[in-house]
Amino acid sequence: MKSFKQLTLIAVTALFGLFLFSSCSEESNDQQSQNFEQERQELVNNLENLRDDLDEEIEKLGNRIDEEGDDVSDSVEEAHQELTDDRSELEKTIDEVKNASEDTWDNVKTEAENLYGSISNQFNEWMEELGN
């Protein structure tokens with residue numbers, strides 16, 4: 001039968017192993033949290049930049065509508081309305097991304113990236129069509 005010293009040594013070794021495993025797990029969780037925070041901030045920045053671009057164009061189109069009055073083309077009015085709607089949707093998404101938890105991140109991220117792509121493409125199409 002094993003001696004008390006041997007059992008103590010086995011127990012200490014096992015506890016040390018558990019401690020190391022626990023430390024590695026905590027470092028992994030810390031790294032995941034940092035990655036989540038970094039990804040979230042990058043996505044917020046991208047969405048806010050797009051929002052700022054929309055704001056600028058919405059203002060330009062609004063001024064154009066005011067200046068041209070009844071002579072303004074339907075496409076300018078339509079673009080102004082759609083970009084305004086897109087901006088509202090973008091603002092909601094920015095809030096969702098800012099409030100996302102690590103548990104909801106994958107879904108929120110996917111939805112936000114899809115919205116970003118959709119609005120960005122539509123924005124570029126409007127700018128091309130309107131000659132801006």
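Scanning both residues, E129 and S75, for their nearest heavy atoms gives OE2-CB, 3.6 Å. Of all non-hydrogen atoms in W105 and A100, the two that sit nearest each other are CE3-CB, 3.9 Å. Across all their heavy atoms, V72 and E77 have their closest contact at CG1-OE2, 3.4 Å. The minimum heavy-atom distance between W126 and A79, with the atom names listed, is CE3-CB, 3.3 Å. When all heavy atoms of Y116 and L50 are compared, the closest pair comes out as CD1-CD2, 3.6 Å. Across all their heavy atoms, D106 and T110 have their closest contact at O-OG1, 2.9 Å.
The pair K92-E96 does not meet the salt-bridge criterion, since no charged nitrogen lies less than 4.0 angstrom from a carboxylate oxygen.
No more than 12 heavy atoms of other residues, nucleotides or ligands lie within 6.0 Å of CD in E59, so this atom counts as exposed by the packing criterion. Within 6.0 Å of atom CG in N63, more than 12 heavy atoms from other residues, nucleotides or ligands are found, so the atom counts as buried in its surroundings.
At a threshold of 4.5 Å between non-hydrogen side-chain atoms, the residues I119 and L54 count as touching. Side-chain contact check for V44 versus Q41: some heavy-atom pair is nearer than 4.5 Å.
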*asked:* Please evaluate residues L43 and V108 with respect to the criterion side-chain contact (heavy atoms from CB on, under 4.5 Å), reporting the C-alpha separation (whole Å), side-chain torsions for both, the decisive distance (0.1 Å), and the verdict.
replied: CA-CA 11 Å; L43 186 53; V108 170; over 6 Å; no
*I would like to know whether L83 and M127 meet side-chain contact (heavy atoms from CB on, under 4.5 Å); could you show each step before the answer?*
CA-CA 11 Å; L83 292 176; M127 296 307 91; 4.2 Å; yes
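Interatomic distance, CD of E113 versus CG of L47, reported as 9.0 Å (0.5 Å rounding). Here N46 contributes atom CG and S120 contributes atom OG; the two are 10.0 Å apart, rounded to the nearest 0.5 Å. To the nearest 0.5 Å, the span separating OG on S73 from CZ on R64 amounts to 5.5 Å. Atom CD1 of I65 sits about 13.0 Å away from atom CG of D71, to the nearest 0.5 Å.
Residues meeting the side chain to side chain donor-acceptor pair (under 3.5 Å) test with E48, sequence neighbours left out: K98.
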Considering only distance and modelled atom types, tabulate donor-acceptor pairs under 3.5 Å from the side chains of residues 84-91, sequence neighbours left out.
{"residue": "T84", "atom": "OG1", "partner": "H80", "partner atom": "O", "Å": "2.7"}
{"residue": "D85", "atom": "OD1", "partner": "Q81", "partner atom": "NE2", "Å": "2.9"}
{"residue": "R87", "atom": "NE", "partner": "D55", "partner atom": "OD1", "Å": "2.4"}
{"residue": "R87", "atom": "NH1", "partner": "E91", "partner atom": "OE1", "Å": "3.1"}
{"residue": "R87", "atom": "NH2", "partner": "D55", "partner atom": "OD2", "Å": "3.3"}
{"residue": "S88", "atom": "OG", "partner": "T84", "partner atom": "O", "Å": "3.4"}
{"residue": "E91", "atom": "OE1", "partner": "R51", "partner atom": "NH1", "Å": "3.1"}
{"residue": "E91", "atom": "OE2", "partner": "R51", "partner atom": "NH1", "Å": "3.4"}

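A donor atom on one side chain and an acceptor atom on the other are not found under 3.5 Å apart for N121 and E125.
Each salt bridge (Lys or Arg N to Asp or Glu O under 4.0 Å) pair with one or both residues in residues 36-46, not counting sequence neighbours, appears once here: E37-R40, E39-K109.
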